Amino acid sequence: MPPEDIISASFPICGSGARTTCVVDGDTFWLDGIKYRIADIDTPEIGEPRCAGEKELGEQAKNRLQSLLNAGAFCLKAGLRDEDKYGRKLREVYRGGQSLGAQLVDEGLAHRWVGFKQSWCG
């Protein structure tokens with residue numbers, strides 16, 4: 001069972017300045033100066049997309065994650081690994097016992113993480 005929903009913050013989209021609490025893309029965000037990667041999903045790339053469709057869907061995923069994080073208190077649940085190779089904290093995000101990552105998957109904005117990236121381009 002996920003922990004209690006006690007985290008609440010205002011999440012803008014990250015800009016070029018210092019990153020404290022903001023959304024980077026559809027599966028990465030900063031909270032209180034710590035960078036998190038949502039562990040159970042993979043969203044389309046916006047920095048180095050492989051096609052125009054991936055970039056467009058990635059922007060939608062980023063905006064949707066921002067909306068979900070700003071919608072109310074949530075909790076972070078650690079998995080088997082604490083960090084990825086980029087130093088991001090790996091966490092699943094829950095609200096009311098429901099995975100926000102699974103919601104992004106259900107909405108077609110993310111793939112369930114299966115250990116490798118899946119293509120978003122045809």
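Because the structure is predicted, anything quoted here is derived from the model rather than measured.
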Exercise. Could you give me the CA-CA distance, side-chain angles and deciding distance for Phe11 and Cys22, then say whether side chain to side chain contact (heavy atoms under 4.5 Å, CB included) is met?
Key: CA-CA 5 Å; Phe11 287 86; Cys22 59; 5.7 Å; no
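- Ring pair Tyr36/Phe29 is parallel by interplanar angle, where below 30° counts as parallel and above 60° as perpendicular.
- Using a 4.5 Å heavy-atom cutoff, the side chains of Ile7 and Phe74 are in contact.
- The two residues Lys89 and Ile34 come nearest to each other via the heavy atoms CG-CG2, 3.6 Å.
- With hydrogens and angles ignored, the 3.5 Å screen pairs a side-chain donor or acceptor of Glu54 with a backbone N or O of Glu45.
- Atom CD of Glu107 has more than 12 heavy atoms from other residues, nucleotides or ligands within 6.0 Å.
- Side-chain atoms of Arg91 come within 3.5 Å of backbone N or O of Asp82 as a donor-acceptor pair.
- Counting all heavy atoms, side chain and backbone alike, Gly26 lies closest to Ile41 at O-CD1, 4.0 Å.
- Although no hydrogens or angles enter the test, the distance criterion places a donor-acceptor pair under 3.5 Å between the side chain of Asp5 and the main chain of Gly96.
- A donor-acceptor contact shorter than 3.5 Å links the side chain of Arg95 to the backbone of Ala73.
- Residues Leu68 and Val93 have side chains not in contact (no heavy-atom distance under 4.5 Å, counting atoms from C-beta outward).
- Residues Trp30 and Cys14 approach most closely at CD1-SG, 4.0 Å, considering heavy atoms.
- Linking ILVMFWY side-chain heavy atoms closer than 4.5 Å, directly or via other members, places Leu109 and Val23 in a single hydrophobic cluster.
- In terms of heavy atoms, Trp120 sits closest to Asp42 at CZ2-O, 3.5 Å.
- Taking 4.0 Å as the cut-off between side-chain N and carboxylate O, Arg37 and Asp25 do not count as a salt-bridged pair.
- Atom CD of Gln118 has more than 12 neighbouring heavy atoms from other residues, nucleotides or ligands inside a 6.0 Å radius.
- A continuous path of hydrophobic side-chain contacts links Leu69 to Leu104 [ILVMFWY only; heavy atoms under 4.5 Å].
- Taking the side chain as every heavy atom from C-beta outward, Leu100 and Ile38 never approach each other to under 4.5 Å.
- A donor-acceptor pair is defined here as one N or O able to donate and one able to accept, closer than 3.5 Å; such a pair exists between the side chain of Thr21 and the backbone of Asp32.
- By the 4.0 Å N-to-carboxylate-O rule, Asp27 lies too far from Lys62 to be salt-bridged with it.
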